[in-house]
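Read the structure below first, then the notes.
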Amino acid sequence: MRLHVERPYPLHSARIEFITLPPPPFPPTAARMEFGPDNPTATVDPEAPDASSEPEDEPPQNLETPRTRSSINKKIPRPHGEPGRPNSGGFNLATELAKTGWSKKSVEQLAETVHVVAQERLDLTKCYRKQDRRDVKKICDEMIKDKNWPKLKDYEDCWPVLCILKTKLKNGAAAARRNELRDTQARMQAVMNRRGVSPNHEQ
């Protein structure tokens with residue numbers, strides 16, 4: 001008897017087997033909400049993080065903003081216009097200082113003190129524009145440091161003292177010009193008298 005043997009077919013490629021794995025569970029991101037047909041109810045997943053809780057290591061918030069800091073440190077600004085001219089677009093110094101708690105007597109005492117210091121440091125025959133700014137600044141600095149006037153540090157550029165100085169120097173310069181004019185007229189009159197010329201002499 002003749003035996004017939006079948007040859008196996010050769011393998012053309014390696015055999016690969018794929019295995020399907022179950023997908024991983026979704027991470028908890030929020031509380032799970034379950035809605036019934038009539039009344040919706042919510043159930044909280046115990047593994048979900050509590051959104052209302054704050055981390056313990058988080059520093060406390062700074063409630064002070066740049067605006068609040070500027071409002072706290074802001075000084076009292078100078079009114080518009082020139083002092084002593086309330087009817088010409090200016091302001092009255094005593095009236096403006098009264099708005100921040102000054103009495104009339106306190107304003108008068110401040111003016112007297114500034115006048116005394118100005119007589120020692122400045123030339124009262126010159127107006128404010130012709131004064132040395134360094135001398136003016138020294139007066140303001142001394143008045144701010146004076147324990148009798150603690151409120152002055154709350155005013156921008158120490159404008160109450162500057163207003164008093166401007167008024168004092170303006171009046172002093174005007175008085176100096178009047179005196180100079182009067183002296184000039186007196187000298188001219190003396191010369192005319194020596195020459196025998198009358199002021200009302202007609203040619």
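None of the values given here were measured: they were computed from a predicted structure.
- Atom CG of residue L93 and atom NZ of residue K166 lie 12.0 Å apart, to the nearest 0.5 angstrom.
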Pairs under 3.5 angstrom only: tabulate donor-acceptor contacts from the side chains of residues 108-118 to other protein residues two or more places apart or in another chain.
{"from": "T113", "atom 1": "OG1", "to": "Q109", "atom 2": "O", "distance (Å)": "3.0"}
{"from": "H115", "atom 1": "ND1", "to": "A111", "atom 2": "O", "distance (Å)": "3.4"}

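- Between the side chain of D146 and the main chain of W149, no donor-acceptor pair closer than 3.5 Å is present.
- Here the straight-line distance linking atom CG of D157 with atom NZ of K137 works out to 10.0 Å at 0.5 Å rounding.
- Screening I139, D141, V136, I144 for a side-chain contact (heavy atoms from CB on, under 4.5 Å) involving C158 leaves a single residue, I144.
- Side-chain contact between L122 and L165: present, with at least one pair of heavy atoms (C-beta onward) separated by less than 4.5 Å.
- The distance from the NZ atom of K145 to the CE atom of M143 is 13.0 Å, given to the nearest 0.5 Å.
- Within the structure, ring-ring contact (aromatic ring centres under 6.0 Å, His included) pairs that include any residue of residues 156-176 comprise Y155-W159 (at least two apart or interchain).
- H80 approaches F91 most closely through the heavy-atom pair O-CD2, 3.4 Å.
- A 6.0 Å sphere centred on CD of E180 holds no more than 12 heavy atoms belonging to other residues, nucleotides or ligands.
- Side-chain contact between V191 and M188 is absent, with no heavy atoms from C-beta onward closer than 4.5 Å.
- Atom CG of L162 and atom CZ of R78 lie 8.0 Å apart (nearest 0.5 Å).
- With contacts defined as side-chain heavy-atom distances shorter than 4.5 Å, the pair T100/K151 does not qualify.
- Using a 4.5 Å heavy-atom threshold, the side chains of P160 and L97 count as touching.
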Walk me through whether Q189 and N193 qualify under side chain to side chain contact (heavy atoms under 4.5 Å, CB included).
CA-CA 6 Å; Q189 183 64 41; N193 292 337; 2.9 Å; yes

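- Considering every non-hydrogen atom in both P77 and E156, the closest pair reads CA-OE1, 3.6 Å.
- Scanning all heavy atoms of the two residues, the minimum distance from P150 to K153 falls at O-NZ, 2.8 Å.
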R187 vs T184, side chain to side chain contact (heavy atoms under 4.5 Å, CB included): CA-CA, chis, key distance, verdict
CA-CA 5 Å; R187 288 194 298 269; T184 301; 3.3 Å; yes

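- The side-chain heavy atoms of L181 and Q185, taken from C-beta on, include a pair separated by under 4.5 Å.
- Residues satisfying the side chain to side chain contact (heavy atoms under 4.5 Å, CB included) criterion with D132, sequence neighbours excluded, are R134, D135.
- Taking 4.0 Å as the cut-off between side-chain N and carboxylate O, R121 and E142 count as a salt-bridged pair.
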